[in-house]
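A, B, ... follow the sequence lines: proteins, then strands. Residue 1 opens every chain.
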Amino acid sequence: MPELPEVETVRRGLQEFIVGREIKAVEHDTPKSFPNADADVQRFLIGSKVKQVRRRAKVLLIDLSSEYTLVIHLKMTGQMVFRSSAAVFGAGHPNDSLVGELPDKTTRVTFTFTDGSRLFFNDQRKFGWVKLMPIIEVPNIDFMKKVGPEPLEADFTDRQFTERFHRRSKTSIKAALLDQTVVAGVGNIYADESLWGAKIHPKRLVASITEREFKALYKELRDVMNLAIEKGGSTDRNYVNAEGKKGSYIDFARVFRREGQPCPRCGTTIVKMRAAGRGTHICPKCQVIQ
DNA sequence: CACTTGACCTGTCCGC
DNA sequence: TGCGGACAGGTCAAGT
């Protein structure tokens, strides 16, 4: 579930909490979660400091002073949670925190810093991973070579957005939106939300989408993702930020997970269907197949 | 080649 | 209450 806004929220938290800290130790429970953990860990991870935390699409990049990078994908249930040595978790609003004392049974990788603070990679379903590689190798990863442009970049225009879809003209607009090679960072939540905003049925073929509709979709996607970042992302089930706290965008969602409720625009009951192999939420009156 | 489907996992929820 | 099966959805490999 972590999509661009969720990963960006985690990035901002990590940038605040871990930059400058020196890694003292690392533990992992399964090779699947940290596939090449043994090879270069002693030389390029232990003893190095965190320089900066970047994001590309849904991928987190923790750059180290060793000129190596921790490349992290949260997939569906991954979490990156920082705890200082004297962590007080669950503080504030009673529902803020989804995770309690760490490590817990979902903890796959634990990074310990020299000051005693720790960074936990938790992942219930084990789809996510952490990899260590030289910074200069990151752009050579297949995914990085294929992934589309960042939709929230200031210089990303509606014209470029529309152009990107030409490569997938024969598929549905929802499948194309979810295709990371078209535009980076869109997942199920923001695909549904932006399609509702632009009044486009998810099963419409890309070739049938008009220029005007693409412009509307471009605006809706950017608006909804920016709002989601402002709200700290969407916590549907597992997602938490770098403090272990939930995001609140789901409270502002118009159709996602709102089947049976009235469309905020026209009052028609929102329906859940299947499109592009995913659970898909639409207003059957606002979003029609012509 | 373009596109769709299934696999990867675990926890939750629903119906019997 | 227990239990099987469907479902959750990001990405890649395999299939059409």
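Rounded to the nearest Å, the gap between the P atom of dG5(C) and that of dA7(B) is 15 Å. Atom P of dA14(C) sits at a distance of 15 Å from the matching atom of dC9(B), rounded to the whole Å. To the nearest whole angstrom, the two P atoms, one in dT11(C) and one in dC1(B), are 23 Å apart.
Linking Ile, Leu, Val, Met, Phe, Trp and Tyr whenever their side-chain heavy atoms come within less than 4.5 Å puts V130(A) and V41(A) in one cluster. Using a 4.5 Å cut-off between side-chain heavy atoms of Ile, Leu, Val, Met, Phe, Trp and Tyr, with links allowed through other members, V7(A) and F121(A) fall into the same hydrophobic cluster.
To the nearest angstrom, P of dT11(C) lies 12 Å from CG of N188(A). Summarising the geometry, the separation between NZ on K174(A) and P on dT5(B) is reported as 14 Å, rounded to the nearest angstrom. Look at CE on M144(A): it is 13 Å from C1' on dT11(C), rounded to the nearest Å. Distance CG (L177(A)) to C1' (dT11(C)): 17 Å, rounded to an integer number of Å. For the pair K145(A) NZ and dT11(C) C1', the computed distance is 17 Å after rounding to whole Å. Rounding to whole angstrom units, CE of residue M76(A) and C1' of dT10(B) are separated by 10 Å. Distance CD (Q79(A)) to C1' (dG9(C)): 16 Å, rounded to an integer number of Å. Atom CG in D179(A) sits about 10 Å away from atom P in dT11(C), given to the nearest Å.
Consecutive pairing runs in DNA chain B reach the stem threshold at B:2-8 with C:10-16, B:10-16 with C:2-8, where a stem means at least three Watson-Crick or G-U wobble pairs with distances under 3.5 Å.
Residues passing the ring pair (Phe, Tyr, Trp, His ring centres under 6.0 Å) test with H28(A) are F34(A), sequence neighbours excluded. Qualifying side-chain contact (heavy atoms from CB on, under 4.5 Å) partners for E163(A), counting only residues two or more places apart in sequence or in other chains: H166(A). Under the rule for a side-chain contact (heavy atoms from CB on, under 4.5 Å), the partners of D115(A) that lie at least two apart in sequence or sit in another chain are R21(A), F113(A), S117(A). Listed by chain and residue number, nothing satisfies the ring pair (Phe, Tyr, Trp, His ring centres under 6.0 Å) test with F156(A) (two or more places apart in sequence, or in another chain). Residues that satisfy the ring pair (Phe, Tyr, Trp, His ring centres under 6.0 Å) test with F161(A), not counting sequence neighbours, are F165(A), Y218(A). Residues satisfying the ring pair (Phe, Tyr, Trp, His ring centres under 6.0 Å) test with Y190(A), not counting sequence neighbours, are Y249(A).
Taking side-chain N and O atoms only, R274(A) has a distance below 4.0 Å to OP1 or OP2 of dA8(C). Dashed line: the shortest gap from a side-chain N or O of Q180(A) to OP1 or OP2 of dT11(C) is under 4.0 Å. Between R278(A) and dG10(C) there is a side-chain polar atom (N or O) within less than 4.0 angstrom of OP1 or OP2. Under 4.0 angstrom from either OP1 or OP2 of dT11(C) there lies at least one side-chain N or O belonging to H73(A).
Across all strands, R108(A) comes closer than 4.0 Å to no nucleic acid atom at all (heavy-atom distances). Within the nucleic acid shown, F256(A) comes within 4.0 Å of sugar-phosphate atoms alone, with no base atom in reach, counting heavy atoms only. In this structure, G277(A) reaches neither bases nor backbone, as no heavy-atom distance under 4.0 Å exists between it and the strands shown.
Contacts of residues 125-142 of chain A with DNA chain B (heavy atom under 4.0 Å): R125(A), K126(A), F127(A).
Distances from the side chain of E3(A) to the nucleotides dG11(B), dG9(C), dG10(C) place dG10(C) closest.
For the pair R55(A) (side chain) and A57(A) (backbone), a donor-acceptor distance under 3.5 Å is present.
Note on residues 167-178 of chain A: pairs passing salt bridge (Lys or Arg N to Asp or Glu O under 4.0 Å), not counting sequence neighbours, are R168(A)-D179(A), K174(A)-D192(A).
Listed by chain and number, the hydrophobic cluster partners of W129(A) are V59(A), L61(A), V71(A), M133(A), V138(A), I141(A), F143(A), M144(A), V147(A), where partners are ILVMFWY side chains within reach of under 4.5 Å, directly or through others.
Remark on DNA chain B: of its neighbouring residues K32(A) and R237(A), the 5'-side contact belongs to K32(A), judged by nearest-heavy-atom nucleotide.
A salt bridge between D63(A) and R54(A) is present, with a side-chain N of the basic residue lying under 4.0 Å from a carboxylate O of the acidic one.
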Return all side-chain donor-acceptor pairs below 3.5 angstrom for residues 265-275 of chain A, not counting sequence neighbours, or 'none' if the list is empty.
unit_1, atom_1, unit_2, atom_2, d
R265(A), NH1, W196(A), O, 3.2
R265(A), NH2, W196(A), O, 2.8
R274(A), NH2, G277(A), O, 3.0

Grab the N/O contacts between the protein and nucleotides 2-4 of chain B below 3.5 Å, and write none if there aren't any.
unit_1, atom_1, unit_2, atom_2, d
dC3(B), OP1, K170(A), N, 3.1
dC3(B), OP2, R167(A), O, 3.4
dC3(B), OP2, R168(A), NE, 3.3
dT4(B), OP2, T171(A), OG1, 2.7

